[in-house]
Amino acid sequence: MNNILNVFIYELRRNIIRKGFLFTTFGLPLIAMGIFFLVNQITGGTQGIQERFTELSLDAEGVKRAAYIDLADYFETPQDVPGATAQLIEVDDVATADEMLQKGEIDVYYIISADYMETGAVRLVAPRFSIGSITDIPVQQLLYGKLLDDGMSLDQLLLLANPITVKTTYLERPGESNGADPATNEGTVTLFAVILTLALFGTNGYLMQTIIEEKETRLIEILLSSVRPMQLLVGKIFALGLLGLLQIGVYIGALVLLSSSVNGTEITLPDVPFNLLWWAVVYFVLGYMLFAAFFGMIGAISTSMTDGPNLTIIFVLPAMLPWIFASEFAAEPNGGLAIGMSLFPMTAPMAMVMRLSIINVPIVQIVASVLILSVTIIGVMWLAARLFQVQTLLSGRMPKLREIPKLMFGN
Amino acid sequence: MSKILLIARREYLYNLKRPAFLFAAFGTPVIILSLWLLVFLVLAPQDEPDITEFGYVDLADIISPDLSLPQTISYTFIPFADEASAMRALEAETIGAYFVIPPGYADFDALAAAQENRASLDEVEFGQVQMVSYGDEPDDLIRVFNQFLVWHSSHQFGIDGMVGERISDPVEMIVELKDTGRELSLDALPVLFLLPMFLAVIFWIATQTTSGFLMNGLVEEKKNRIMEIIITTITPMQLLMGKIIGLGLLGLTQMAVWIGLVFVFLILGPQFESLAFLESIPLPFDVILVGIVYFALGYFLSGSILSAIGVLASSEQQSNQYAALVNLPGYLIPLFLLTEFIRDSNSTLSTVLSLIPITAPVSMTIRVGLGAVPLWQIALGVLLLLLTIFVATWGSSKVFRWGLLLYGKKITPREIIQVIRGRAG
């Protein structure tokens, strides 16, 4: 027990100052927040209803002067349109427009096709790729100008130009839903999936990395002279698990900070039902333990950092499977696929949390899945411990697939 | 020459059969692709909505039931006198969802008053509707209902529905770029700078894998003293060239597999109805061609630098760090300056970046995608890369020969420079 504690403290100390860990824990959220603020600055947050129905947004940015060829024969010489910035000139044919483009008299020109009113088809001809000048605003200016000239009111125009705002109320089918807002739960599930992925790739990756590193540097030979392999494995799993939780804590903290400091954007922390949260934590811990054991196994048999990480995808992909089938889950949360995946240990953490977020899963199924998962964890841990022994750890090469059972069970 | 080929063949075949390589080159992309195909095939039939009738309660008096509507409004909307009857129909599942159009939906006076009083979003009914459903309505329902409302509102305002539709969705634009002669729909434009980045990612992965093999191989051979046996029969230069060529081909194999699979995906994908959108993704072949040539040259450049480092590195872990250090700037600098390329792909900075050998692969590929690059610049870039590869290989071979049998010595940069200039050893 004392040895486990020693390993635990040693791993904690060593990994917490690791550059990779510090970067993913603190650097990534900082970068993400930076990008978020930058984007928020550029896009200026969300548009309120006040501005939406007050004026047309007709700033054509990079296009100051543009020509158009009106094959639909619909538009007239453009009049002053409120808010418009581009100056428009009608020309008769492509040759004239090309010439003006060459001389630099216009920035771009538009060819309005003959069936414009039915299809909206317009061809923009620009001299080169440039973000500011690739815009359809001048055509909108033509259209809105023409309609305003024809006597349409600005209010009517604005009502049609802006898509409807829809307030949605979701009903529950009797006995099926768990009563939470589907959008909120989708957020919870996404958050859970991201956190689980990070824990699987990140924390367990470190676990494997430290084992491989110790093998590479032969440090393991010294360690094994004073600690039993099983103690080493358990100490590592707990230490890195704690670091993983710290990392997640920082991420969630950053999210809270973000949601409280940004006004006018629609980031709010999901109001998670307690039941779901509780099971999410249970499944997270169980999932972490299961995959930690798997990664420990890979660490025990790999000899270099080039081979080990490649093998982990065998375990990580199945864990992500339920997320890939998300729409299937949403459509049939009690279908065969959903139930099967929520019982199968490798997919259970993600699958069960997804199901719990949509419906009230029968308690029998939850208990069964937790039981199966726990038994599997014990089994895999035991197997990992069998692999995590002097013979494998000190061997200089990677065992072949058919040698692995022999290593686990002896002769 | 035959010895170089021998080494190249050995490195290629030996590493090709490594589980780690097989998995990275074939396993991962095949798994990812087949998963996606599976998902699309399994879920495709469900995309067809089983219910196409939806209800509405028109409190704004804006719907004219007799108005004839175009085919593009693909759902049937049924009027209900009040919300209670709509709710009953929803509960009986004769309709999939219902909308309530509030009295103030098109009330211009109320809007003016609200704007006067600076009312909040929640207090204004203008342009808003309410939807009630079980959460399983089709994804495009709101878009179609918007179109439905546009036709009816237009009718109310005394204009043709077609005109109304143009107001709400004014332009379906195709962009023609004069300098490159490219023609793209507005939605496909991002492909021009996403494709080079996609290529960059693939090349990055391939380079990391193979340069890892290159350096680890060297470190390993030094560690277990095989190196001493190898160089009794061949010269260090032959060993170096053989390794770079063999592993370079390995990297190219990996990239060919990945790019090939993406092509298969893009070509076969549209056969399935749910993947039809793939057809509209344009594939600018000039970008792919320039990309492959430049990235292949880029690999040989980093390969020749890394082999010198690999022979001096004392552990595999150390060598991996160096590999990232050598390869990173060439990818990071152009990606950080992506906005500059988008702003003007022929500016001085963009041009210089695409000629400097280290940043050339990513930069030139981005530039070719975005604008017309003069042919002489492309040729000059290739020439400069070749020249640098030549110099780097020459320098590396000196370091390589010197460091091949050097064990446990702490090496300073000054010593390396001296070796390259031929004053040590």
Side-chain angles (χ1 to χ4, degrees), chain A residues 48-50 52-54 101 116-131 134 136 139-140 143-144 147 152-153 155-173 182 213 216-217 304-307 310-311 313 317 321 324-325 327-328 331 398, chain B residues 19-20 23-24 28 31 35 39 42-43 46 90 106 108 111 115 118 121 124 126-135 142 145-146 149-150 153-154 157 159 162-164 166-179 189 192 212-213 216 315-317 320 342-345 370-371:
Chain A
I49 194 158
Q50 303 286 353
R52 252 180 89 177
F53 292 111
T54 311
L101 200 62
Y116 170 76
M117 284 320 285
E118 289 77 42
T119 60
V122 167
R123 170 185 285 262
L124 163 69
V125 182
R128 73 190 74 80
F129 181 86
S130 149
I131 285 289
I134 294 178
D136 58 10
V139 183
Q140 294 184 26
L143 178 72
Y144 297 155
L147 290 166
M152 196 171 174
S153 80
D155 284 338
Q156 291 175 341
L157 200 57
L158 284 164
L159 180 64
L160 292 177
N162 285 299
I164 47 172
T165 312
V166 180
K167 284 184 187 164
T168 314
T169 312
Y170 287 119
L171 302 176
E172 303 158 30
R173 286 205 173 88
E213 253 173 47
E216 272 182 352
T217 55
S304 75
M305 276 312 290
T306 36
D307 291 326
N310 279 317
L311 295 175
I313 198 162
L317 264 185
L321 261 183
I324 298 174
F325 286 100
S327 47
E328 182 83 330
M398 207 159 156
Chain B
F23 208 81
T28 318
I31 290 175
L35 266 182
V39 169
V42 167
L43 301 182
Q46 296 213 332
L90 181 60
F108 300 116
L111 175 71
Q115 280 167 343
R118 308 208 146 269
L121 193 80
V124 186
F126 193 80
Q128 300 204 34
V129 298
Q130 200 198 348
M131 183 179 84
V132 180
S133 80
Y134 283 115
I142 288 176
F145 188 69
N146 187 39
L149 274 181
V150 162
S153 310
S154 304
F157 301 158
I159 57 172
M162 216 66 229
V163 177
R166 282 288 73 76
I167 297 172
S168 76
D169 180 16
V171 179
E172 198 64 47
M173 197 161 74
I174 287 178
V175 180
E176 182 184 328
L177 299 170
K178 278 271 176 198
D179 61 345
L189 270 182
L192 288 185
F213 287 161
N216 289 350
S315 76
E316 276 148 16
Q317 208 202 333
N320 284 344
I342 292 175
R343 192 187 64 77
D344 183 359
S345 66
L370 291 179

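When heavy atoms are compared at a cutoff of 4.5 Å, A:Tyr144 approaches chain B solely by way of its side chain, counted from C-beta outward. With a threshold of 4.5 angstrom between heavy atoms, A:Leu157 approaches chain B through its backbone and through its side chain. Within the 4.5 angstrom heavy-atom criterion, atoms from both the backbone and the side chain of A:Thr168 approach chain B.
Residues A:Ile134 and B:Leu177 meet the side-chain proximity criterion, which asks for heavy atoms closer than 4.5 Å. At least one side-chain heavy atom of B:Phe157 sits less than 4.5 Å from a side-chain heavy atom of A:Leu159. Side-chain contact between B:Ile159 and A:Gln156 is absent, with no heavy atoms from C-beta onward closer than 4.5 Å.
Residue B:Gln130 places its CD atom among more than 12 non-hydrogen atoms of other residues, nucleotides or ligands, all under 6.0 Å distant.
In this structure, the separation between CD1 on A:Ile164 and CG on B:Leu149 is 5.5 Å, given to the nearest 0.5 Å. Note that CZ of B:Phe126 is 5.5 Å distant from CG of A:Asp155, once rounded to the nearest 0.5 Å. Between A:Leu160 atom CG and B:Ser154 atom OG the span is 4.5 Å, to the nearest 0.5 Å.
If you run side-chain contact (heavy atoms from CB on, under 4.5 Å) between B:Val171 and each of A:Leu124, A:Val122, A:Leu143, only A:Val122 comes through.
With hydrogens and angles disregarded, a donor-acceptor distance shorter than 3.5 Å links the side chain of B:Arg166 to the backbone of A:Glu118.
With chain A as the partner, the residue from B:Val150, B:Val132, B:Asn146 showing the most heavy-atom pairs under 4.5 Å is B:Asn146.
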